Amino acid sequence: MTRITNFSLPITPATAPAIAPPAMKPQESGGSSFKSMLVDSIQQVNSMQVDANKAVESLFTGGSANPAEVLTAVQKADLAFRTMMQVRNKLVQAYQEVKDIRI
Amino acid sequence: MFSTLDISTSALVAQRTRVTAIASNIANVSTTHNEAGEAEPFQPRFVVFEADNSIQGPGGAPGVKVASVEISNVEPNWKFQPGHPDAIKQGPRAGYVAYPNVDMTTEFVDALEATRAYEANVGVIEVTKNLTQQSLKIIA
């Protein structure tokens, strides 16, 4: 059972306790809540993909884009997306583990 | 995480500019007059690189950028062609035409070097890509 608590270590900020206090008050101050961290990273990945899309469009419609730069933008977006997906998979896995606890 | 990719890409762009300059030199190998129609041979171009601090990896490793495209001032190749419209009319070189001093051997060796440098940087991008994908296996 100690295994499950370890999952959240790299993801949640050190200040947030692993088990929520009974008050269940969501973190409103600070703005560094887990939710905003997640949304921020998704938005970053999305903006990378939008950049890659623009670059590809510019390349294929005869713009002045350099092929090397365009392909790097695509590769960056791909790697960022894969990283995000891995984090998401890990979160879902942790959630499943907690869900399967019998009470 | 992606600054390594940016550094390698800056090198790709720079080497490509170099290949463009070489292409221009070879294309103009027999150009004997300028846009204004005056008899002036094409002077070979060469590209000067400099470290680009606007692209920086962790620890301050810079990328590369084209500082300038310089025009070399080599002496032209003189050929005796009195019937040529760009031939010199009077003076000690009367009847001679100034041809660009583009050395094919040098240009092709430079092109080969630029191509190899390009390939090397694509190789570095491949390594960076693999590293990132390998790191993802830690969490998977």
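Keep in mind it's a predicted model, so treat the numbers as computed, not measured. A note on names: the letters A, B, ... follow the listed sequences, proteins ahead of strands, and every chain is numbered from 1.
Not one N or O on the side chain of A:Asp78 forms a donor-acceptor pair closer than 3.5 Å with the backbone of A:Val74.
Remark: A:Lys76 engages B:Asp6 in a salt bridge, criterion side-chain N to carboxylate O under 4.0 Å. Remark: B:Glu70 does not engage B:Arg45 in a salt bridge, criterion side-chain N to carboxylate O under 4.0 Å. One finds no salt bridge joining B:Glu113 and B:Arg116 here, because no Lys/Arg side-chain nitrogen approaches an Asp/Glu carboxylate oxygen to under 4.0 Å.
For B:Glu119, the CD atom is densely surrounded, since the number of other residues' heavy atoms within 6.0 Å is greater than 12. Around CG of B:Asn73, the count of heavy atoms belonging to other residues, nucleotides or ligands within 6.0 Å does not exceed 12. B:Tyr118 OH: more than 12 foreign heavy atoms inside a 6.0 Å radius. Counted within 6.0 Å of OH on A:Tyr95, heavy atoms from surrounding residues, nucleotides or ligands total 12 or fewer; the atom is thus considered open.
Proximity to chain A at a heavy-atom threshold of 4.5 Å picks out B:Thr9, B:Leu12, B:Val13, B:Arg16 from residues 8-21 of chain B, in numerical order. For a heavy-atom cut-off of 4.5 Å, chain B lies close to A:Asn66, A:Ala68, A:Glu69, A:Thr72 in residues 57-72 of chain A.
Under the 4.5 Å side-chain heavy-atom criterion for Ile, Leu, Val, Met, Phe, Trp and Tyr, A:Leu91 and B:Ile139 are members of the same hydrophobic cluster.
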